[in-house]
Chemist: 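Starting off with a structure, shown below.
Note that ligands are numbered from 1 as they come in the structure, with each ligand's atoms numbered from 1 the same way.
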Amino acid sequence: MDFFDAIEKRRTVRDFENEEIEDEVIKKIIEAGFHAPTNDHMRDWHFIVIKDKATVIKLLDVIPKGISEEEMNALIRDWNLSDSEQQGCYRNAVPKQYRMLADASVVVIPLLKQKTNILFADHLSYLNGFASIWCCIENIFLAATALDYGCSLRIPLGDEGEWSRKVLGYPKDYLMPCFIGIGRPKKDAAEVKQKAIDFNDRIHWNGWM
Ligand SMILES: Cc1cc2nc3c(=O)[nH]c(=O)nc-3n(C[C@H](O)[C@H](O)[C@H](O)COP(=O)(O)O)c2cc1C
């Protein structure tokens, strides 16, 4: 697939076919991640690839399996989601947080070595390692798209990160930035419209004009 086609085609996928994915394909997708830029040249990243469904179910045990209409309305209110398209996105995404990982062919947990307290960083540069792994994650999304797969993404909330560490046994100095589900997008997967942006309005030549 052409590079720019992959960029345009990449979307967050939350509805997956029940399909196996070959180890070689997973490796190829993760390898693309390792070509991302990195702050300290070290790419001290690891990936836990979970194909075993029992482990996936245990890992996801702490993620809410759904949300009531009342809770959804409260979330939209409390998070100040005023844009109607944004609300549409959340109404589609929030109820699928569990399923979009449980139904994926594989769950991948990226890990970065975090040397400083990321939540109380004294300098912007302390976040460089975190920023680097997100470059890596985007490469993974694009590689999956180029191979006709798709990815779901969840940021761990509350104790989900600590629970993941307990279930998967990774060391204390490694941090999990997100859960990734990879699989074949369902043919009738819900299309959440991407917010249309006229990028010409967002480019400022030679200053904020
Ligand atoms: C930093 C970050 C955090 C995100 N967190 C979640 C999440 O927790 N759950 C989820 O379903 N999607 C999550 N997403 C996906 C966004 O909802 C999605 O990228 C956005 O709505 C645009 O849609 P698109 O990816 O299909 O273009 C996240 C994306 C980013 C970049």
Side-chain angles (χ1 to χ4, degrees), residues 1 3-16 29 32-33 36-37 45 56 59-67 71-72 74-76 78-112 114 118-119 121 124 127-164 175-199 202:
M1 188 183 295
F3 175 72
F4 287 97
D5 288 342
I7 294 236
E8 277 203 27
K9 199 175 160 211
R10 185 220 56 80
R11 300 301 316 279
T12 301
V13 174
R14 301 186 180 90
D15 305 286
F16 291 108
I29 291 171
W45 307 324
V56 169
L59 178 72
L60 304 183
D61 194 39
V62 287
I63 297 180
K65 295 177 181 63
I67 183 168
E71 288 168 322
M72 190 71 225
L75 184 152
I76 284 177
D78 297 346
W79 292 8
N80 295 318
L81 307 179
S82 52
D83 182 286
S84 63
E85 288 181 24
Q86 187 186 33
Q87 288 179 8
C89 171
Y90 277 73
R91 284 191 186 282
N92 175 269
V94 176
K96 293 180 181 167
Q97 294 302 291
Y98 178 86
R99 209 161 13 105
M100 69 181 194
L101 295 165
D103 292 352
S105 305
V106 67
V107 172
V108 174
I109 303 297
L111 296 168
L112 72 138
Q114 185 60 37
I118 199 163
L119 298 180
L124 198 56
L127 303 177
N128 280 352
F130 194 64
S132 295
I133 202 158
W134 278 102
C135 296
C136 164
I137 291 165
E138 173 68 348
N139 270 17
I140 286 175
F141 291 168
L142 292 175
T145 306
L147 295 170
D148 289 325
Y149 287 92
C151 299
S152 58
L153 163 68
R154 176 177 173 83
I155 303 299
L157 295 179
D159 295 334
E160 291 171 24
E162 276 317 300
W163 174 248
S164 296
L175 178 75
M176 159 197 178
C178 63
F179 300 87
I180 299 173
I182 307 178
R184 189 81 71 190
K186 261 199 170 152
K187 287 186 184 61
D188 61 351
E191 269 273 317
V192 179
K193 197 171 155 278
Q194 210 169 37
K195 186 85 190 157
I197 305 286
D198 184 350
F199 68 88
R202 303 292 181 89

Chemist: Indicate every side-chain donor-acceptor pair of residues 140-150 with a distance under 3.5 Å to a residue at least two apart or in another chain.
Modeler:
{"from": "Thr145", "atom 1": "OG1", "to": "Phe141", "atom 2": "O", "distance (Å)": "2.7"}
{"from": "Asp148", "atom 1": "OD1", "to": "Lys9", "atom 2": "NZ", "distance (Å)": "2.8"}
{"from": "Tyr149", "atom 1": "OH", "to": "Arg184", "atom 2": "NH2", "distance (Å)": "3.2"}

Chemist: Donor-acceptor pair, distance only, cut-off 3.5 Å: does the side chain of Asp83 make one with the backbone of Gln86?
Modeler: yes
Chemist: Looking only at non-hydrogen atoms, which of Arg10, Arg11, Lys195 approaches atom 26 (O) of ligand 1 most closely?
Modeler: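 Heavy atom nearest to atom 26 (O) of ligand 1 belongs to Arg11.
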Chemist: Any chance you could measure Ile137, atom CD1, to Cys178, atom SG, to the nearest 0.5 Å?
Modeler: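 Going from the CD1 atom of Ile137 to the SG atom of Cys178 covers 3.5 Å.
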Chemist: Establish whether atom 3 (C) of ligand 1 and some protein heavy atom are separated by less than 4.0 angstrom.
Modeler: yes
Chemist: Please name the pair of heavy atoms, one in Pro156 and one in Met176, separated by the smallest distance, quoted to 0.1 Å.
Modeler: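 Minimum heavy-atom separation between Pro156 and Met176: CG-O, 3.9 Å.
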Chemist: Which atom pair, heavy atoms only, marks the closest approach of Met72 to Arg91?
Modeler: CG-NH1, 3.5 Å
Chemist: Considering the heavy atoms of Arg154, write down every atom of ligand 1 situated less than 4.0 Å from one of them.
Modeler: 7 (C), 8 (O), 9 (N)
Chemist: Which protein non-hydrogen atom lies closest to atom 25 (O) of ligand 1, naming both residue and atom, and how far is it?
Modeler: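 The closest one turns out to be Thr12 OG1, 2.5 Å.
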Chemist: Can you figure out which of Leu153, Ile137, Val94 has its heavy atom closest to atom 6 (C) of ligand 1?
Modeler: Leu153
Chemist: Write out the residue and atom name of the closest protein heavy atom to atom 17 (O) of ligand 1, then the distance separating them to 0.1 Å.
Modeler: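 Ranked first by proximity to atom 17 (O) of ligand 1 is Arg14 NH2, 3.1 Å.
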Chemist: Looking at Gln97, which atoms of ligand 1 are within less than 4.0 Å of one of its heavy atoms?
Modeler: 7 (C), 8 (O), 9 (N), 10 (C), 11 (O)
Chemist: Does at least one non-hydrogen atom of Val192 fall below 4.0 angstrom from an atom of ligand 1?
Modeler: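 Contact check Val192 vs ligand 1: negative.
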Chemist: Under a 4.0 Å N-O cut-off, is there an ion pair linking Asp103 with Lys186?
Modeler: no
Chemist: Less than 4.0 Å between atom 15 (C) of ligand 1 and some protein heavy atom, yes or no?
Modeler: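 When distances to the protein are checked, atom 15 (C) of ligand 1 has a heavy atom within 4.0 Å.
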Chemist: Going by the order shown, which atoms of ligand 1 are within less than 4.0 Å of some heavy atom of Gln194?
Modeler: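 Every atom of ligand 1 under 4.0 Å from some heavy atom of Gln194: 27 (O).
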Chemist: Among all the protein's non-hydrogen atoms, which is closest to atom 21 (O) of ligand 1, and how far away is it?
Modeler: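 For this ligand atom, the closest protein heavy atom is Cys89 SG, 3.4 Å.
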Chemist: Name all residues meeting the side-chain contact (heavy atoms from CB on, under 4.5 Å) criterion together with Trp79; count only those two or more places apart in sequence or in a different chain, and write none if there are none.
Modeler: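 For Trp79 the side-chain contact (heavy atoms from CB on, under 4.5 Å) partners, ignoring immediate neighbours, are Leu75, Leu81, Tyr90.
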Chemist: For Glu138 and Cys135, indicate whether the former's side chain and the latter's backbone hold a donor-acceptor pair under 3.5 Å.
Modeler: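 Not confirmed, Glu138 side chain does not pair with Cys135 backbone.
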Chemist: Tell me the protein heavy atom at minimum distance from atom 8 (O) of ligand 1, and give that distance in Å.
Modeler: Ile155 N, 3.0 Å
